[in-house]
Amino acid sequence: MIDPKLLRHATADVEKNLARRGFEFDVAGYLALEERRKSLQVETETLQSERNASAKRIGMAKAKGEDIAPLLAAVKDVGDKLEAAESSLSVVQAELRDIELGLPNLLQDDVPDGRDEAQNVEIRSWGTPGSFDFDVRDHIELGEKSGLLDFDSAARISGSRFAVMRGGLARLQRALIQFMLDVHTSEHGYEEAYVPYLVHGDALQGTGQLPKFEADLFKTTTETPFYLIPTAEVPLTNLAREVIFEPGELPRRYAAHTPCFRSEAGSYGQDTRGMIRQHQFEKVELVHLVEASESAAALEELTGHAETILQRLNLPYRVVALCAGDVGFGATKTYDLEVWLPGQQRYREISSCSNCGDFQARRMLARVRNAESGKPELLHTLNGSGVAAGRALIAVMENDQREDGSIEVPAALRPYMGGATEISA
RNA sequence: GGAGAGGUGCCAGAGUGGUCGAAUGGGCUUGACUCGAAAUCAAGUGUACGGUCUUCCGUACCGUGGGUUCGAAUCCCACCCUCUCCGCCA
């Protein structure tokens, strides 16, 4: 959520900032509603104050054994007026809240202009796309050739956008996950966490997926519904929900491996072949909880941590700063890591690292006590993939393929593969 | 799944319709005493929101949501969670 005070007092600035994303903010409608809220709230609270005062008077009169009938008659009127005022106020407040929950985060000034991913700006690149002296295959062909990647079985079991992996390939994904977690926990100072995969709506509202993006989520039909997490960002970031951290307790860095579940509603026709876009995929997620002044630096660090993984795997990649139109709902600024896929002859997103500022913290009341003032202040949250395991697997397959269709295991992963140097049927 | 007990402030714990945002004890902060510490004494110590918003005033919050009432931490209803025992299970 955007700071409601900012929304009220600097509405034009907010409107301008959101317009950079291509988001149209109905300023007039908002301000009119806000005016109503103000007068209704003042009215309600005045009436409450009156009621409280007379209730107190009645109590005292009764204690002294005086006649309270005239006092009761005098309050009758207040009760009705109060009821009316309270119900109008709650309607207006609910409308305001809906608006506020639907507004995306404010962008940082250094986010480049642009409408969509075509205008994202490359910041740096690492490695050089390899040259092959044979015709490269994409991961689908490689998987079919070895028989280790089986979309037919997956389709029979669960339909489209699922994969079955077998043998060395299944193990390679597990190796990737273990490797990534080990690097982040032992070298980058993250605390490993195991978290629920089913969460309440509150948690998703906290991180910003709800109420706006419910269609992207899987939801259970149990009496109290659960949602399957679309990313470990949700449970990890919600570790700060309604917590007030003491000054020395931040920063916190959490890493977790979880499956991620996405309905991919609205992505019909995109990446329908292969393992790029699945309903279920594995990811190692990184989350930082930091004091407000630290978040800009933390984003650079976090991005670097994700980059380390690709470097150790010797996968060529580039870092792009998302342009205004491409930055996600809850982020103030985002870097994507895009890995080179020889099979597609292009870079594809493998990690997305975002600074969410206080946007999520405000929704979930995640705070840190200011060392000087002693007052709780909103903390800042960041998240990034470190990295998506399914896509990393594709990247390894395609970048380390050999002419015979076998795959060379990157040196960094061999300890996790029982020393194996290649995967083949 | 069955039976029972319970959810109050940083912690423990009182409060079963009125001056209760909440006794008391502990903790913490500040001050006094002290060379210093301990002990002792005194004062302070929640969160959110609003108002012509650093002073000041008001409102809300005692698991959550409803209800009764002039008035609810306290009564009623529903739900959630925790604990104990039984059952079941990994």
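Every chain is numbered from 1, with letters handed out A, B, ... down the list of sequences. Keep in mind that this is a model prediction, so the values were computed, not measured.
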* NA contact type, A/Arg51, heavy-atom cut-off 4.0 Å: base, sugar-phosphate, or nothing? -> sugar-phosphate
* **A/Glu398 bridged to A/Arg348 by N-O distance under 4.0 Å** => no
* With the side chain of A/Val75 defined as its heavy atoms from C-beta on, choose the nearest nucleotide among B/C70, B/A60, B/G50. => B/C70
* How far does the P atom of B/G58 sit from the matching atom of B/U68, given to the nearest Å? -> 28 Å
* Asked: Which part of the nucleic acid does A/Arg8 contact within heavy-atom distance under 4.0 Å: base, sugar-phosphate only, or nothing?
  -> sugar-phosphate
* Considering only the C1' atoms, how many Å lie between B/G67 and B/A72, rounded to the nearest integer? -> 11 Å
* Between B/A42 and B/G25 - P atom distance, rounded Å -> 10 Å
* To do: Remember a base hit wins even if backbone is also touched, and classify A/Ser54 as base, sugar-phosphate or nothing at under 4.0 Å, heavy atoms.
  => nothing
* B/G1 to B/G71 separation - C1' atoms, rounded to the nearest Å -> 42 Å
* Asked: In whole Å, what separates the C1' atom of B/G66 from that of B/U30?
  -> 45 Å
* **is_close_aromatic(A/Tyr227, A/Phe218), centroid dist under 6.0 Å** => no
* Mind checking the C1' distance from B/G18 to B/A3? Whole angstroms is fine. -> 38 Å
* **Closest to the A/Arg367 side chain, choosing from B/G51, B/C70, B/A48** => B/A48
* G-U wobble or Watson-Crick pairing nucleotide for B/C89 (cut-off 3.5 Å, both distances) -> none
* **B/A90 to B/C11 separation - P atoms, rounded to the nearest Å** => 38 Å
* Asked: Within the pair A/Arg362 and B/A48, is there a side-chain N or O less than 4.0 Å away from OP1 or OP2?
  -> no
* Donor-acceptor pair under 3.5 Å: do we get one between A/Gln41's side chain and the base of B/G50? -> no
* Indicate yes or no: at least one non-hydrogen side-chain atom of A/Tyr190 is less than 4.5 angstrom from one of A/His305. => yes
* Could you give the distance separating B/U59 and B/U40 at their P atoms, to the nearest angstrom? => 39 Å
